[in-house]
Amino acid sequence: MKDIARQAMSIKVESMDMLNGQIKMEANASATYLAMASWCEQNGFFTSAKFFFKQSEEEREHMMKIFNFLIDVGGSPLSPEVTNINHDYSSIVDVFEHTLDHEIAVTKSIHQIVMKARELGDLTTERFLDWFVLEQVEEENTIRDILDMISVTGTEGVGLQLIDDHVGNWIN
Amino acid sequence: MKVVYQSTYYTLYQSEKERCFYIDFVQKTVRMSFCQLLALRHKVLSIPIEHHFDSDLNKHGFELLQLCNKEHLFILNTLEVLDLKSLVEQGFVRLGISVNATALHV
Ligand SMILES: [Fe+2]
Ligand SMILES: [Fe+2]
């Protein structure tokens, strides 16, 4: 039997499903960072707000990278539904701690897809995700550095405003 | 036209000449491009079958299925939905782009 399906699509459908799941996760991250930007604006952390606006855009770029990959391989990318975005944070420290948790969850998800793609013998998907694996190292590192800066600066007195100013160092 | 997979009620065919697929739904046979077949797969695997066993969530145990940009409409009962799910899963395995029968549910 001629492989018409294989000629139309060059990755496994299971990989496509997982990548559609990742599209959703990146969209969720983008929306979450936008909510954080809103929180920062409303609470006077204007530099941090800029940081999160930029993060939000980056997450959308990640999403589009996967979206376009699915088009390139002949798959069917799905526009994600994003719901239940949290807008409540108790402090700027809380915001960054949630950010790190979020990035770690994304890293785990990407690793899982890599492992599964390997199991499926889907080298195309595995190689495609190399960029994301390394990108996550950077993303996690950035937030960890900011949390370190926060603990060194301290939140007493003018600490919170200093923290906000210092976040500017991570906007490039 | 060659049979790719036959489930209890349905049959998936591949036409090499037309480079497309056909599904025999008993009432009618539907011609589909590969993209439309992918869309069908997504719709069928997304049907929450567990709702069929909860009269609050699915009162009558039927499912409406629109195919090929709303060109076709099918009304399926629980057994037909289950059968179509297996046709889709096994069909993609036979087509060589799915590894196992337990495809991830999307
Ligand atoms: Fe991301
Ligand atoms: Fe990220």
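Naming convention: chains lettered A, B, ... in sequence-line order (proteins, then strands); numbering from 1 in each chain.
- Within 6.0 Å of atom CD in B/E50, more than 12 heavy atoms from other residues, nucleotides or ligands are found, so the atom counts as buried in its surroundings.
- Within a 6.0 Å radius of NZ in A/K24, no more than 12 heavy atoms belonging to other residues, nucleotides or ligands are found.
- Using a 4.5 Å cut-off between side-chain heavy atoms of Ile, Leu, Val, Met, Phe, Trp and Tyr, with links allowed through other members, A/I23 and B/L45 fall into the same hydrophobic cluster.
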Verdict with supporting geometry, B/L38 and A/V13, side-chain contact (heavy atoms from CB on, under 4.5 Å): CA-CA 9 Å; B/L38 272 187; A/V13 281; 4.0 Å; yes
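- Put simply, CD1 on A/I4 and CD on B/E16 are 5.5 Å apart, with the number rounded to the nearest 0.5 Å.
- When hydrophobic clusters are built by joining Ile, Leu, Val, Met, Phe, Trp and Tyr residues whose side-chain heavy atoms come closer than 4.5 Å, directly or via intermediates, A/V93 is grouped together with A/I104.
- Annotation for A/K50: atom NZ does not count as buried by contact number, only 12 or fewer foreign heavy atoms lying within 6.0 Å.
- For A/E119, no part lies under 4.5 angstrom from a heavy atom of chain B.
- Expressed to the nearest 0.5 Å, how far NE2 of B/H42 lies from CG of A/D17 amounts to 9.0 Å.
- Only the backbone of B/S15 has a heavy atom closer than 4.5 Å to any heavy atom of chain A.
- A side chain to side chain contact (heavy atoms under 4.5 Å, CB included) with B/I97 is found for one member of A/M16, A/R6, A/E14 and no other, namely A/R6.
- Considering NZ of A/K12 and CZ of B/F92, their distance stands at 13.0 Å, rounded to 0.5 Å.
- For B/K17, the NZ atom sits in a loose shell: 12 or fewer heavy atoms of surrounding residues, nucleotides or ligands are nearer than 6.0 Å.
- The shortest heavy-atom contact between B/F21 and A/A5 is CZ-N, 4.1 Å.
- The two residues B/L95 and A/D3 make their nearest non-hydrogen contact at O-OD1, 4.4 Å.
- Between A/A8 and B/F34, the closest heavy-atom pair is CB-CD2, 3.3 Å.
- Surrounding CE of A/M64 are more than 12 heavy atoms belonging to other residues, nucleotides or ligands, all under 6.0 Å away.
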